[in-house]
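Structure record follows, encoded as structure tokens.
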There are 2 protein chains.
Amino acid sequence: MKRLALTLAVLLPPLLVHGPLSAQRSVVDDAALREADPREWLSHGRDPAETYYSPLDQIDATNVDRLGLAWSWDIESYQGRLEATPLVSDGVLYGTGIWSVVFAVDARTGEEIWKWDPAIVQGGRANSGPSVCCGPVNRGPALYDGKVYAGLLDGRLVALDAETGNVVWVQQTTPVGGEYSVTMAPRIANGNVIIGNSGAEFGVRGYVTAYDAETGEEAWRTYTVPGNPALGFESPAMEFAAQTWQGNWWDLGGGGTVWDGMAFDPDANLFYIGTGNGAPWSREHRSDGVGDNLYLSSILALDADSGEIVWYYQTTPGDDWDYTAVQNIILADIAIDGQERQVLMQAPKNGFFYVLDRITGELLSAEAFGHVTWAYEVDMETGRPIEVPEARYDPTGVWLSPGPRGAHNWNPMSWNPDTGLVYLPGQHNQSFYRVNTEFEPVPGRFNLGTGGGGDRPNPPELPEPRGFLAAIDPVTRQELWRIPHAGSRNGGTMTTAGNLVFSATEEGVFYALDATTGERLWEMELAPGPATPITYELDGRQYVTILSGPGGDQGAGRVWTFALDADAPFPEE
Amino acid sequence: MKRLALTLAVLLPPLLVHGPLSAQRSVVDDAALREADPREWLSHGRDPAETYYSPLDQIDATNVDRLGLAWSWDIESYQGRLEATPLVSDGVLYGTGIWSVVFAVDARTGEEIWKWDPAIVQGGRANSGPSVCCGPVNRGPALYDGKVYAGLLDGRLVALDAETGNVVWVQQTTPVGGEYSVTMAPRIANGNVIIGNSGAEFGVRGYVTAYDAETGEEAWRTYTVPGNPALGFESPAMEFAAQTWQGNWWDLGGGGTVWDGMAFDPDANLFYIGTGNGAPWSREHRSDGVGDNLYLSSILALDADSGEIVWYYQTTPGDDWDYTAVQNIILADIAIDGQERQVLMQAPKNGFFYVLDRITGELLSAEAFGHVTWAYEVDMETGRPIEVPEARYDPTGVWLSPGPRGAHNWNPMSWNPDTGLVYLPGQHNQSFYRVNTEFEPVPGRFNLGTGGGGDRPNPPELPEPRGFLAAIDPVTRQELWRIPHAGSRNGGTMTTAGNLVFSATEEGVFYALDATTGERLWEMELAPGPATPITYELDGRQYVTILSGPGGDQGAGRVWTFALDADAPFPEE
């Protein structure tokens with residue numbers, strides 16, 4: 001650069017400016033995500049199959065009682081509910097908190113490296129911020145090639161520099177100022193970062209979008225329900241789906257949002273998503289009371305490069321009950337009836353545990369795991385649930401189980417290939433479903449088409465206690481054991497080659513079970529409102545981490561990390 | 001907290017957690033802002049009168065040639081134009097960059113303390129981000145009681161913890177996803193933080209809003225132009241103003257945005273704002289070609305506690321030319337015709353330099369400072385400009401000066417009470433104004449109602465060079481001297497008790513003039529695209545700082561700080 005320096009007689013020599021010497025970082029690329037080095041936790045659920053299983057076994061059923069606190073870190077979070085599964089790469093733990101705060105801490109010590117608050121506008125649509133059905137939660141980040149990705153509650157998808165937290169790119173993935181929100185963890189497939197959205201209670205149309213992880217450029221977008229036919233269909237799949245809808249379903253978007261479970265099979269190049277409930281909830285108000293309303297409450301296999309729908313399986317045809325099928329999807333290779341199958345497993349809100357052939361979409365089994373009164377069973381010939389006669393409620397109304405909170409919700413189940421068991425955190429609840437004859441949509445409010453009215457019969461009795469963790473054998477379709485939980489808002493699950501299952505109760509009691517027997521081997525009370533555990537290894541030492549705590553004025557929201565014989569002081573409020 | 005620790009036999013004693021010992025910080029309260037300690041630079045323009053004058057005199061006309069670089073800091077900014085005037089408090093310099101990045105650096109060393117990127121969605125309305133007429137600029141932060149405030153391009157107003165950069169509160173001050181944006185620096189008055197907005201080119205309605213600086217709660221909002229009368233008027237002032245409009249002016253908002261100049265007189269408890277151009281530009285399309293269209297292109301005095309309009313002075317009645325009166329407003333107490341007056345001074349785009357009695361709104365003088373062909377002069381009886389006959393252009397069109405870039409723009413003038421001079425960075429330009437008979441508003445696009453059409457006559461000659469810095473005596477109404485600038489996108493000005501004026505040219509030549517004579521005493525070439533200088537004192541040493549540089553791939557955008565005999569190495573690209 002030329003300088004017109006009148007006062008500096010001597011031109012100073014050029015200064016070579018070096019940045020701080022950065023440690024050599026291992027590259028998180030497609031191969032690394034697929035390989036899923038057990039010492040790290042590189043993607044949501046640890047691997048593209050979202051198993052929540054770790055091959056680490058330093059901590060095992062024989063020594064887990066020596067687990068102690070290694071460190072804890074106060075996120076200084078907003079008040080809300082921590083639901084994030086963190087990631088670990090190269091000694092750094094990446095997580096997300098309430099109102100979409102993203103952070104990086106030293107995975108050895110819990111020392112903060114950076115924290116980024118996107119300053120989401122609170123107050124909902126009236127304040128031009130996002131309306132949220134269920135709190136300003138976030139379920140975790142994604143990692144790829146030196147960047148951390150997070151979906152933000154107001155619909156932004158951001159790529160941050162993993163070392164500094166600096167913004168690399170940002171995209172608005174949804175319309176702003178109202179109905180849409182994003183709470184899910186993104187997932188990487190073939191160099192794209194894929195994200196869906198939430199908001200069906202407010203009246204939106206579901207979709208997932210893939211963005212080039214490097215540049216943020218949109219690669220593809222796949223809608224889950226058809227829009228107004230007069231505007232043209234985006235794909236043959238949408239045209240096909242439209243035949244299963246009636247009336248002006250697009251007026252309230254139709255629903256089918258994708259707000260949690262996604263998995264990726266790199267060999268098949270299939271990307272799996274689960275879709276949500278209808279908008280409004282009542283099919284009466286949504287589709288004149290008829291039709292399957294594809295692809296609500298479905299599992300969809302997408303071509304990972306084009307987003308094209310390759311196959312679908314609809315868990316709840318013509319959803320009337322907020323029975324989302326967005327719960328976490330686990331891919332596994334298991335022998336069913338003696339035949340090796342590439343399967344996909346999901347336990348949606350509707351109370352059935354599904355095993356599908358993940359290449360063809362063929363239904364292999366569907367067993368009730370929860371308290372289910374809306375249907376008798378799933379017909380293995382048709383793949384459809386056999387509904388009880390009163391399931392299609394009317395203006396008189398009916399009590400049905402599960403209710404909209406579902407027999408399973410955001411808290412992930414896990415799959416242990418060693419035990420051959422799925423560990424499923426379930427719950428019992430019910431709802432009085434009634435067609436609201438006075439339904440008038442109001443922008444920015446819950447637009448359900450249900451509820452209202454006067455007297456309702458006393459609710460039927462529900463099984464007690466309300467929460468549980470069930471060990472399910474997907475081959476024999478048997479539940480081997482079940483751990484009761486007093487409350488129903490429990491954390492997710494994680495299982496290891498140490499023959500352990502980790503989870504936590506609503507009250508914040510973090511515990512480890514023998515993965516084979518369900519025997520409780522260790523527990524410690526943290527703070528209420530747990531998310532989902534992970535495990536990783538550094539310097540030959542295995543760690544287990546979970547986020548828990550209410551945040552804000554209600555008490556610290558923290559990252560808690562444990563290791564054998566660790567004895568860090570327990571944080572005080 | 002109760003712990004169900006099965007494994008920890010001994011309850012550890014409570015750990016007392018201390019935060020890092022923070023240095024004693026002086027409180028920035030209403031008294032401090034008013035007092036405006038010359039060693040700091042606490043508010044936009046240094047004081048509530050926005051004088052851009054500093055009483056510091058260590059650096060003066062006799063020694064300024066010893067000025068050398070003390071430090072520089074690469075903002076690592078996005079590409080764009082740095083327009084921010086930084087602030088200094090307690091040894092920390094706070095600034096804003098392109099795309100509303102906010103930062104804090106050590107004012108002694110330039111070491112970064114924190115940087116916060118709000119991750120504004122780029123790509124304009126089509127991407128649900130803000131549309132911007134003139135780049136993703138920001139003109140600076142505000143400080144109050146341990147917090148830094150910044151208006152963000154997407155209409156958010158954020159309060160950050162001054163020590164950590166953590167988000168304290170955020171408000172959406174505008175509708176989202178389209179026409180509105182925010183580029184201005186907020187100003188504090190009586191514990192409220194006050195902010196306006198931009199976007200009149202896209203069709204919006206201007207207003208300013210005051211938020212409680214502590215909580216973010218809205219205190220008041222004052223619109224600058226009337227809305228649709230059918231929806232009711234917000235105030236008698238709006239009802240009065242509506243009489244000066246015709247047609248369906250509210251369809252495109254009307255304009256009158258407040259995107260830069262604000263000043264505060266705590267004694268009079270009057271808060272001054274300047275208002276912008278009409279939307280669309282053409283009064284023909286906005287108001288059937290008639291009416292003053294209050295309060296476009298006006299200076300408004302608001303009651304600082306209620307926002308009520310106390311008086312107005314309209315610089316350009318019935319604006320047809322994008323003649324905003326949002327340019328910086330300076331308050332001063334000077335003797336006019338031998339009588340001590342509390343005045344307000346502004347040089348709006350329209351090319352006249354106005355002096356008003358700031359208590360009554362009385363026009364004291366209005367002299368052309370630029371190349372003005374749209375009006376002969378301002379009638380001192382009526383306070384109205386006497387327009388040339390062809391000023392109200394038609395579908396044939398006419399060349400007029402100034403053009404929409406104005407004879408003065410965002411780059412602040414300054415006022416030196418010692419010399420009694422205003423230092424005004426002006427420019428010469430013109431535009432072919434023509435009513436576009438095919439005008440059809442398109443959301444998210446420039447909706448001007450002008451332009452289009454075919455042949456146009458050759459433009460008249462403009463004075464050369466295109467830019468200048470003029471020294472104006474507001475008492476005698478004389479211009480004492482003028483410094484020519486080759487380009488017209490020059491930086492703002494700052495003046496000191498050292499009998500100096502600092503400014504910088506479009507090309508990035510930072511210079512100091514003798515404030516009395518205009519003699520150039522020092523200069524140094526930095527990087528193109530300068531903002532506005534400030535000065536402060538630390539440990540007995542006076543510093544001068546300016547932001548300059550294009551950012552992004554075009555070269556670093558930097559904070560440059562100078563002091564006597566400093567000799568920090570000049571940064572290389």
Side-chain angles (χ1 to χ4, degrees), chain A residues 1-8 11-17 64-69 74 76 99 101 115-123 127-129 152 154-156 158 160 165-167 169-172 174-178 509 522-527 555 567-573, chain B residues 1-8 11-17 64-69 74 76 99 101 115-123 127-129 152 154-156 158 160 165-167 169-172 174-177 509 521-527 555 567-573:
Chain A
M1 176 182 289
K2 207 180 87 181
R3 292 188 293 158
L4 299 177
L6 299 182
T7 53
L8 281 177
L11 279 180
L12 294 159
L15 178 74
L16 294 176
V17 179
V64 65
D65 60 353
R66 286 164 38 207
L67 217 51
L69 187 65
D74 182 352
E76 293 183 8
W99 291 106
V101 168
K115 189 164 89 165
W116 181 72
D117 184 335
I120 309 282
V121 173
Q122 304 184 17
N127 204 17
S128 293
L152 310 182
D154 57 10
R156 285 178 285 170
V158 69
L160 305 176
N166 288 346
V167 176
W169 57 255
V170 60
Q171 285 284 10
Q172 183 68 39
T174 64
V176 296
V509 177
W522 171 84
E523 68 176 24
M524 190 179 286
E525 185 174 359
L526 309 179
D567 60 353
F570 202 87
E572 299 290 331
E573 280 303 315
Chain B
M1 176 182 293
K2 207 180 86 183
R3 290 189 292 158
L4 300 178
L6 299 183
T7 53
L8 279 176
L11 280 179
L12 294 158
L15 179 75
L16 294 176
V17 179
V64 66
D65 61 353
R66 285 164 39 206
L67 216 51
L69 187 64
D74 182 352
E76 292 183 10
W99 291 104
V101 168
K115 189 164 89 166
W116 181 74
D117 184 336
I120 308 283
V121 173
Q122 304 183 17
N127 205 16
S128 293
L152 310 182
D154 58 9
R156 285 178 285 170
V158 68
L160 305 176
N166 288 345
V167 176
W169 58 254
V170 60
Q171 285 283 11
Q172 184 66 40
T174 64
V176 295
V509 177
L521 302 174
W522 171 84
E523 70 176 21
M524 189 179 287
E525 186 173 357
L526 310 179
D567 59 355
F570 202 86
E572 298 290 331
E573 280 305 314

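Lettering follows sequence order; numbering is per chain, from 1. Just so it is clear, the model here is predicted, and its values are computed rather than measured. For the numbers below, each heavy atom of this structure counts, side chains included, while hydrogens, waters and symmetry mates do not.
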Checklist entry - So what's closer than 4.5 Å to chain A heavy atoms on Leu152(B): side chain, backbone, both or neither? => result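 For Leu152(B), there is no contact with chain A at all, as no heavy atom is under 4.5 Å.
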Checklist entry - Relative to chain A, which segment of Asp74(B) carries a heavy atom at a distance below 4.5 Å: side chain, backbone, both, or neither? => result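 Neither; nothing under 4.5 Å.
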Item to check | Closest contact, heavy atoms only, Ser128(B) versus Pro175(A) | outcome: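 The pair with the smallest heavy-atom distance is OG-CA, 4.1 Å.
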Next on the checklist: For Val121(A) versus Val170(B), what's the shortest heavy-atom pair and its separation?
Outcome noted: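 Heavy atoms only, the tightest pair is CA-CG1, 4.1 Å.
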Next on the checklist: Just so I understand: if I count every heavy-atom pair under 4.5 Å between each of Pro118(B), Ala119(B), Gly177(B), Gly165(B) and chain A, which residue has the most?
Outcome noted: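 With the most close heavy-atom pairs to chain A, the winner is Ala119(B).
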Checklist entry - Just how far is it from atom CD1 of Ile120(B) to atom CD of Gln172(A), taken to the nearest 0.5 Å? => result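 Going from CD1 on Ile120(B) over to CD on Gln172(A), the span is 11.0 Å.
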Item to check | Contact class of Trp116(A) relative to chain B, heavy atoms under 4.5 angstrom | outcome: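 Just the side chain, heavy atoms under 4.5 Å.
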